[in-house]
Amino acid sequence: MKQARQKTTDPAVQIMDATAIRRALRRIAHEIIERNPQLTHVVLAGIPSRGVEIAQRIAALIHDVKTIQVETGVIDVAMHRDDVGTRPELPIVRESKLPLPLEERTVIIVDDVLYTGRTVRAAMDAINSFGRPARIQLAVLIDRGHRELPIRPDYVGKNLPTSGTEKVRVRLEQTDREPDEVRLQKQ
Amino acid sequence: MTTRWTRKDLLALRELSADEINFILETTDAFKQVGTREIKKVPSLRGKTLVNFFVEPSTRTRTSFELAALRLSADVINISANASSLTKGETLKDTARNLEALHADMFVLRHRSAGASQFLAKRLKASVINAGDGAHEHPTQGLLDLYTIREKRGKIRGLRVAIIGDILFSRVARSNIFGLLKLGAHVTLVGPSTLVPREFEKLGVAVSHKIDDVLPTADVVNLLRIQHERQRREYFPGVGEYIRLFGLTKERAKLLKPDCLVMHPGPINRGVEIDSEIADGLQSVILDQVTNGLAVRMAVLYLCGGIST
């Protein structure tokens, strides 16, 4: 009922609210705990801006369960992109912050939406320039499909089938100063 | 950070807004960090060709630009004055157009004439970065000085900056003056009246001919090199007299506040504008300037070379 009403007033359909996002991230936290027995070797590396906030939230959720403080970091991909000079706007470059050395560690790349996979490829390149981690994994809140590279996520909050003309709009409290939600916009 | 970079060229700090300057400084933060990585190279400008076109001799600026370009994965060609066809009578414009015909994407130009890089920028589709044009500007030196001050003091607004020495012939001084004023610093120029004429006050800076009056309140002193090669006798009082009146000697440095930064764009004439003990002392950030110069140039090349044209 509620969703139907929103459909008529707003072209953007709400896919997840704050509760659903929290539940999805909690599940990801549990899966990370299951798959990584040595949690002290894990680094949650967020891609700015929302990936950073999501990484911190997952770290807090892991702490709730295991009382282990998993390390977090920031992995900026702007200077590793392969489309510089072809986009109308140059992406803003930010500082990357990763705990070093990366050897022996598992770096989990964290982002809000997985789409073509090109950002993740750039993130892997960026990580490799800091060293050679034992393994790299990928956690995303939304997987919307349409991959252009052979990349697949290890942890997914929600699989969201989309068409190429639709836009996934994620809002997070700290990054956007708006209530948590995910919307799908038809264009 | 809502500013976006839209310029293909960097010609002078005078024409930039405070927001644009701050945007370059913030971008520099990211590139400075690249220098600390195991692999100090990013693919941002892969496939682009940069021409280091130095019609006037320079080692440190050229090397800094070259390394910056290499760390961004660009291909680099170095052309110096005596190796170029300019000595055979070809004009600057023709040389540049020939290089553009080879699909060069960026030019870093050092030239003895003020306005040379602007001249090229107007005529070429390629990006042009001014690496010093006559006594006009040296914008990346100005930016790296601003970056170093901001890094060491946490801010620029409200700081008292003294620029000491040969202001009249100095493009470094001009770029510093414009950049510092835009970011809200108080600037005092210090030197003999022949090299620091009162006309500079029109720019919004103070002028002093007595260094001992200025040193005790300064937060930053930037000592410029006495450009022997550019000096005509009538401007310059003689080395001995210059040291006595304006040199930052060990004794004079005692006037400085303990947290005052000592800067110099290099190359240093040790024992002339600055004593060795001070140049190598705790307050000196001269080598930080060199490190930051590389990061600033990476940021500038990334921004100017990265926009789609």
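Hydrogens, waters and symmetry mates are skipped; everything else that's a heavy atom, side chains included, is used. Throughout, a chain's letter reflects where its sequence line sits, starting with A, and its residues are numbered from 1. What you see is a predicted model, and the numbers here were worked out from it, not measured in a lab.
Considering only heavy atoms from C-beta on, Arg94(A) stays 4.5 Å or farther from Asp29(B) through its side chain.
Counting heavy-atom neighbours within 6.0 Å of Arg46(B) CZ, excluding the residue itself, gives a total of 12 or less. Under a cut-off of 6.0 angstrom, the local environment of CG in Leu149(A) is crowded, with over 12 non-hydrogen atoms contributed by other residues, nucleotides or ligands. At most 12 non-hydrogen atoms from other residues, nucleotides or ligands lie less than 6.0 angstrom from CZ of Arg97(B). The local environment of CD in Glu31(A) is crowded, with over 12 non-hydrogen atoms from other residues, nucleotides or ligands closer than 6.0 Å. Counting non-hydrogen atoms of neighbouring residues, nucleotides and ligands closer than 6.0 angstrom, the CZ atom of Arg14(B) reaches no more than 12 such neighbours. In Gln174(A), the CD atom is not crowded: 12 or fewer heavy atoms of neighbouring residues, nucleotides or ligands sit closer than 6.0 Å.
Residues of residues 32-41 of chain B lying under 4.5 angstrom from chain A, judged on non-hydrogen atoms, are Gln33(B), Val34(B), Arg37(B), Glu38(B), Ile39(B) in numerical order.
Within the 4.5 angstrom heavy-atom criterion, no atom of Leu72(B) approaches chain A. Heavy atoms of Asn128(A) lying under 4.5 Å from chain B belong exclusively to its backbone.
With values rounded to the nearest 0.5 angstrom, His80(A) atom NE2 is found 9.0 Å from Ser73(B) atom OG.
In terms of heavy-atom proximity, Met79(A) sits nearest to Ser44(B) at O-OG, 2.7 Å.
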